[in-house]
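For clarity, every value in this text was computed on a predicted model and none was experimentally measured. Start at 1 with the first residue, then count along the sequence.
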Amino acid sequence: MSNADAIGIVLEGGTPNVVKALIRADHDVKIGEFLIVRDREGRMGLVQVEHYEYGNDFYTESLGIVKSLIDSEVLASVLDKSTYLSVWLRVIKENNAKVQMPGNLVLKFPEIKDINKLDQTQKKFLELLYEEKLEDPRYVKYGRIINTNIPLLLKINALPMHMGIFGETGSGKSYNMRYLIDVFSNIEYDGKHYAIPMIVIDANGDYIDLAILSMKREYVNRNGSRQMITRYTFTDIPNSQRFRLDMNLFTPSDIAYMVITAKYRDTDVAQASLQMNLLELALNELRDEDYNTLFVEDGFSKLQQKVNEIVEERKDELGFTKNTQRALQSALQTFRSKVKEYDLISSDGEAFSYDTLDEIFFKQGLVIIDFSADGAPGMDLLTKQIVVGYIARLMLNYLVKKKMNNERRILSLVIEEAQNYIPSENYPVNARLTKDVLATLATQGRKFGASLILISQRPAFVDKVVLSMLNSFIFHRVYHEDVKYIQSATGGISEYLAKELISLPRGQAIVTGLINSLEIPVRVQIDRKSELESDIGSEGDILEILSG
């Protein structure tokens, strides 16, 4: 690029980390934008816009003539040409360039129409940005870095380190996740395409059309077949599968915890420890039974009778009281009524099980758990927590067993409305049934190939312990109350870039953390793709609805 391509010049007063520059006023500068500084020897360094101010030597408060122009119709177009941008640039990479030297030129990145067809100049600039990562299939292209046509590279090996996607309603979170599903379902390696196996907890039906439309294209996986895309519902809907639990996959201790926490969400479960011990004992003594039958109509009375028998015949030996017996029977009834309402317990062996997870992995599948009003009509939050807790326990147990057998697996669990399952103390929801297991999945699951992606309007509403386990973040427009919280939770986001979070346009986001190949916060524009757009759940145009 020649000197004619320069948009600015470096000024005096720079520091080792920050460069001051003047940039042409007609450049549409953005906080977080990347620029190039070229020194007098032709060496180039990478910088990022941290802050800017407009200036003009004529329009200053100290000149009295300016005040007279307030009521004047004079257009001082000639004087306007002296307007400039004072810009503070954070030094990202120096590459032996003397970036801070006054007189260095500031350049934009070259226009790139096709990332796969680069001329020598474009390659030189992209090597400064990405080095050898552009050719590494472990980095996938995502969106466009602001004010360029250059995609941000995401490091797929960072997925097991977990990720959070946050933004207020209408900021573009769900579309972004659809975009990411498309990116992670189209990973090219050695001439073939692969997909990250994903289970999506769909709170509002934002993803169900991906199953209906099968993403409008095919993905070839290691078995050479079409990628598995399945929608699980809690009522009978064509082209979907019914979601059912298999209680036999869990130990008596696991089942006892699920049953008791489903009843005592508002109190300390430790207070119900006697009930858990009693139920665990009853299930152990019924270990030859099919646990599924114990929670359906015919077998439920057998479980109740076993509980009564233990208390009445061995109360002196074991110390269980009638009060414990009655409380446990109440907890069993609560759990039973929840699973009965949506026919959640498998009676024919067709359940969401280890075999399902194996199929998702080998077919590199996309599975959508549909909690929308269509897929789970009238389902309350407790029942949803039973389902999410079941999937999280199943996934953790599955990955641990595979790792112990020296079989490598990777599974990603995406949870919309994450605050309903891993709430912080600031959010008025009790989720003991899911919170503990998801916290375990976040802290321990990464070693076994678990990837957790949490999506929520408010990061402050997600449990702090789990939030601290997330090592990658994508932030859309957020509430102003969350800005300080985000800065403290993530680190590395500058004050000026953080302020942009409250006014980001729909379709823009800030990506930070391990998944970001540049290892610094990057502002991106997420392209709208017609094949990823969805009108399912859209309210439509009000005037068109009223006018018919």
Side-chain angles (χ1 to χ4, degrees), residues 244-347 351-354 380-394 396-397 400 421 429-441:
R244 288 191 170 91
L245 317 175
D246 184 354
M247 304 301 287
N248 293 308
L249 297 175
F250 298 108
T251 66
S253 177
D254 287 336
I255 295 173
Y257 187 85
M258 290 175 66
V259 171
I260 299 304
T261 51
K263 172 69 174 178
Y264 296 99
R265 295 185 301 154
D266 299 333
T267 58
D268 189 348
V269 175
Q271 297 177 10
S273 58
L274 283 176
Q275 296 171 51
M276 280 197 286
N277 292 339
L278 176 55
L279 180 54
E280 183 178 350
L281 177 60
L283 291 169
N284 271 314
E285 294 190 3
L286 293 169
R287 58 183 173 273
D288 293 332
E289 299 286 338
D290 180 344
Y291 282 164
N292 289 322
T293 64
L294 298 179
F295 291 93
V296 295
E297 203 69 50
D298 297 334
F300 189 55
S301 59
K302 183 180 292 187
L303 177 57
Q304 291 177 305
Q305 289 171 7
K306 174 57 70 173
V307 169
N308 294 340
E309 174 190 311
I310 291 172
V311 174
E312 292 167 6
E313 296 181 5
R314 288 180 275 173
K315 60 182 178 181
D316 295 333
E317 174 190 352
L318 300 175
F320 295 118
T321 66
K322 285 284 187 181
N323 287 338
T324 302
Q325 176 187 352
R326 285 192 292 269
L328 176 55
Q329 294 290 9
S330 174
L332 284 169
Q333 288 287 0
T334 298
F335 187 80
R336 163 75 183 126
S337 65
K338 292 300 179 185
V339 298
K340 180 182 178 181
E341 184 177 359
Y342 291 95
D343 192 20
L344 284 179
I345 299 292
S346 170
S347 58
F352 198 93
S353 64
Y354 292 141
D380 64 326
L381 181 56
L382 173 57
T383 309
K384 293 176 183 178
Q385 290 173 349
I386 290 173
V387 172
V388 173
Y390 173 88
I391 292 173
R393 282 182 176 82
L394 187 73
L396 183 60
N397 292 350
V400 170
Y421 308 100
V429 163
N430 292 292
R432 198 176 301 277
L433 191 60
T434 52
K435 191 172 182 177
D436 289 346
V437 66
L438 287 172
T440 303
L441 194 66

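The shortest side-chain heavy-atom distance between Arg244 and Tyr390 does not fall under the 4.5 Å cut-off. Residues Leu344 and Lys338 form no side-chain contact, since every pair of their non-hydrogen atoms from C-beta on lies 4.5 Å or further apart. Side-chain contact between Lys306 and Leu294 is absent, with no heavy atoms from C-beta onward closer than 4.5 Å. Gln275 places none of its side-chain heavy atoms less than 4.5 Å from the side chain of Lys263. Counting heavy atoms from C-beta outward, Leu274 and Leu328 have side chains that stay 4.5 Å or more apart. Contact of the Ile391 side chain with the Leu394 side chain is not registered, since no non-hydrogen atoms from C-beta on lie closer than 4.5 Å. Annotation: side chain of Arg393 is not in contact with side chain of Leu249 (no heavy-atom distance under 4.5 Å). In this structure, Tyr257 and Asp436 have side chains that are in contact, with non-hydrogen atoms separated by less than 4.5 Å.
Within the model, atoms CG of Leu281 and CG of Leu286 stand 9.5 Å from one another, a figure rounded to the nearest 0.5 Å. Note that the CG atom of Asp246 and the CG atom of Asp290 stand 7.5 Å from one another [nearest 0.5 Å]. Between atom OG1 of residue Thr324 and atom CG of residue Leu318 there is a gap of 11.5 Å, rounded to the nearest 0.5 Å. The distance from atom CG of Asn430 to atom CD of Gln385, rounded to the nearest 0.5 Å, is 8.0 Å. Leu303 contributes atom CG, which lies 9.5 Å from atom OH of Tyr291 (distance to the nearest 0.5 angstrom). Remark: Glu309 CD to Glu313 CD distance equals 4.5 Å, nearest 0.5 Å.
Residues satisfying the side chain to side chain donor-acceptor pair (under 3.5 Å) test with Thr293, not counting sequence neighbours, are none.
Phe295 and Val339 make their closest contact through O-CG2, 4.3 Å (heavy atoms, listed as atom of the first residue, atom of the second, distance). Contact between Asn248 and Glu289 at its shortest, heavy atoms only, is OD1-O, 4.3 Å. Smallest separation of non-hydrogen atoms from Pro252 and Asn284: CG-OD1, 3.4 Å. Heavy atoms only, all atoms of each residue included: Leu433 and Ala262 are closest at CD1-N, 4.2 Å. Annotation for Ala256 and Met276: closest pair CB-O, 3.7 Å, computed over non-hydrogen atoms. The two residues Met247 and Asn292 come nearest to each other via the heavy atoms N-OD1, 2.7 Å.
Without hydrogens or angle criteria, Gln304 side chain to Gln329 main chain gives no donor-acceptor distance under 3.5 Å.
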Report the C-alpha distance between Val311 and Leu278 in whole Å, list the side-chain angles of each, state the deciding distance to 0.1 Å, and finish with yes or no for side-chain contact (heavy atoms from CB on, under 4.5 Å). CA-CA 8 Å; Val311 174; Leu278 176 55; 3.7 Å; yes
Please assess Asn397 against Tyr354 for the test side-chain contact (heavy atoms from CB on, under 4.5 Å), listing each intermediate value before the final yes or no. CA-CA 9 Å; Asn397 292 350; Tyr354 292 141; 3.3 Å; yes
Could you go step by step and tell me if Val437 and Leu441 meet the side-chain contact (heavy atoms from CB on, under 4.5 Å) rule? CA-CA 6 Å; Val437 66; Leu441 194 66; 5.7 Å; no
Please test Tyr421 against Lys384 for side-chain contact (heavy atoms from CB on, under 4.5 Å), starting from the C-alpha separation and ending with a verdict. CA-CA 9 Å; Tyr421 308 100; Lys384 293 176 183 178; 3.7 Å; yes
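Side-chain atoms of Asn323 and Arg326 include a donor-acceptor pair closer than 3.5 Å.
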